[in-house]
Amino acid sequence: SLLDSLLTGEDVRAVSVQDSTHSNGRLLLKCFLTHWVERYPSIHVFLYDMEEHRWTNGLAQGIRERMVLHCGYSQHWCGEKDSDLLKDFSVQKCVEAVGHAPLQEVAIIIDSVSTLLLHHTLSHVIRSLKLLGSKVASLLYLVHSDLHDSHVMAELNHVTFTRILLKSQEPTDNCTGQRGSCSLVHCKKSGRVVKKVRALWGVVSSLAPPLYLLGTGRGV
């Protein structure tokens, strides 16, 4: 499938995962992470939505050892070095955090852009994401689409070559299982745009066992 090829193939430059209250895109970020540790020598995860220990919950020790976490969520949970990552977000700060690793061998994951937009202007975030995506091997970020209007989402869509939109219906008394869809819009190097829509449960069951939690909210 197209999603499988994005996880394992080479044609990955900038990817956005767009979730909402009842469709947790964070677990899809972790699915990308588990594949990327085999591909990229250096993976850096910038956290702005939650504490480090909550984000890494459920990840295998081998995966944790292959990535570098930069926590900008709360000074209470983070070290002094990372305490200004949120208010000072910029390409320069991200590159400094990466250190001496060659940028063309670096993959960056941002969780989430929605929190960045609470502290920075849209134009600053857009410019930073575009420039950062042009410097590193791959850029993946999460955005909570139900928190932003159509203008903001349209601007963010211009940053990435691939968008993954997760939509899940609220569970009801008669149906507590996965319902909804996963829409993928991918611009290939040739310029051709490919669009795919899959049932959300099909995505969950085909990627990785932990992703059965995809519809349980953003707290994972």
Side-chain angles (χ1 to χ4, degrees), residues 1-4 6-7 12 14-37 43-60 63-64 67 69-74 77 86 107-118 129 138-149 152-153 156-157 159-160 162-173 175-186 196-220:
S1 69
L2 177 57
L3 182 55
D4 294 328
L6 289 174
L7 289 169
V12 178
V15 181
S16 68
V17 175
Q18 303 176 10
D19 71 359
S20 59
T21 302
H22 297 284
S23 56
N24 184 1
R26 183 163 292 117
L27 290 163
L28 191 53
L29 296 190
K30 295 181 182 181
C31 190
F32 269 90
L33 173 63
T34 59
H35 287 80
W36 282 5
V37 294
I43 299 178
H44 292 256
V45 182
F46 291 83
L47 301 181
Y48 301 107
D49 275 17
M50 65 169 54
E51 309 95 324
E52 177 180 334
H53 73 274
R54 289 179 60 199
W55 202 91
T56 58
N57 183 41
L59 290 177
I63 295 176
R64 296 187 189 193
M67 66 179 183
L69 283 173
H70 306 277
C71 187
Y73 170 71
S74 167
W77 288 104
L86 180 57
I108 286 180
I109 298 174
I110 297 176
D111 183 355
S112 71
V113 164
S114 295
T115 299
L116 290 176
L117 288 170
L118 294 176
L129 291 176
S138 286
L139 172 66
L140 170 68
Y141 68 79
L142 179 65
V143 58
H144 308 311
S145 59
D146 52 345
L147 299 183
H148 309 291
D149 60 30
V152 172
M153 294 307 301
L156 288 173
N157 287 342
V159 175
T160 60
T162 304
R163 305 193 304 273
I164 303 174
L165 295 77
L166 303 176
K167 295 182 180 180
S168 181
Q169 299 177 4
E170 295 186 40
T172 65
D173 293 337
C175 181
T176 58
Q178 294 289 333
R179 303 180 67 189
S181 64
C182 173
S183 303
L184 293 90
V185 180
H186 177 58
K196 298 286 185 179
V197 179
R198 295 178 61 187
L200 185 57
W201 177 247
V203 174
V204 174
S205 60
S206 66
L207 293 180
L211 292 184
Y212 71 87
L213 294 170
L214 197 57
T216 62
R218 292 190 182 125
V220 179

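Heavy atoms only: backbone and side chains are in, while hydrogens, waters and symmetry mates are out.
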What distance separates [X] [atom1] from [Y] [atom2], expressed to the nearest 0.5 Å?
| X | Y | atom1 | atom2 | result |
| --- | --- | --- | --- | --- |
| L28 | L33 | CG | CG | 11.5 Å |
| L142 | D19 | CG | CG | 4.5 Å |
| S114 | H148 | OG | NE2 | 3.0 Å |
| W36 | I108 | CH2 | CD1 | 10.0 Å |
| L129 | I110 | CG | CD1 | 5.5 Å |
| S145 | N157 | OG | CG | 10.0 Å |

| query | Has the side chain of K30 got a donor or acceptor atom that lies under 3.5 Å from a matching backbone atom of W55? | reply |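 Indeed, once roles are kept as given, a pair shorter than 3.5 Å links the two residues.
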| task | Please confirm whether the backbone N or O of R26 pairs with a side-chain atom of D111, one donor and one acceptor, at under 3.5 Å? | result |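 Checking the backbone N and O of R26 against the side chain of D111, no donor-acceptor pair under 3.5 Å is found.
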| query | By side chain to side chain donor-acceptor pair (under 3.5 Å), which residues pair with H44, not counting sequence neighbours? | reply |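 For H44, the residues satisfying side chain to side chain donor-acceptor pair (under 3.5 Å) (neighbours in sequence not counted) are S42, H70.
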| request: Could you list the residues that satisfy side chain to side chain donor-acceptor pair (under 3.5 Å) with T160, not counting sequence neighbours? | output: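 Partners of T160 by the side chain to side chain donor-acceptor pair (under 3.5 Å) criterion come out as none, since no residue qualifies.
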Please examine the side chains of [Y] and [X], heavy atoms only from C-beta on, and report whether any two atoms are closer than 4.5 Å.
| X | Y | answer |
| --- | --- | --- |
| M67 | I109 | no |
| L140 | V17 | yes |
| L29 | V45 | no |
| V152 | V143 | no |
| L118 | L147 | no |
| E51 | C71 | no |
| V113 | V159 | no |

| field | Test side-chain contact (heavy atoms from CB on, under 4.5 Å) applied to L165 - qualifying residues, sequence neighbours left out | value |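 Scan of L165 (side-chain contact (heavy atoms from CB on, under 4.5 Å), adjacent residues dropped) gives Q18, R163, S183.
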What is the minimum heavy-atom distance between [X] and [Y], and which atoms define it?
| X | Y | value |
| --- | --- | --- |
| L166 | S23 | O-OG, 3.1 Å |
| D49 | H144 | OD2-NE2, 2.8 Å |
| L69 | E52 | CD1-CG, 3.2 Å |

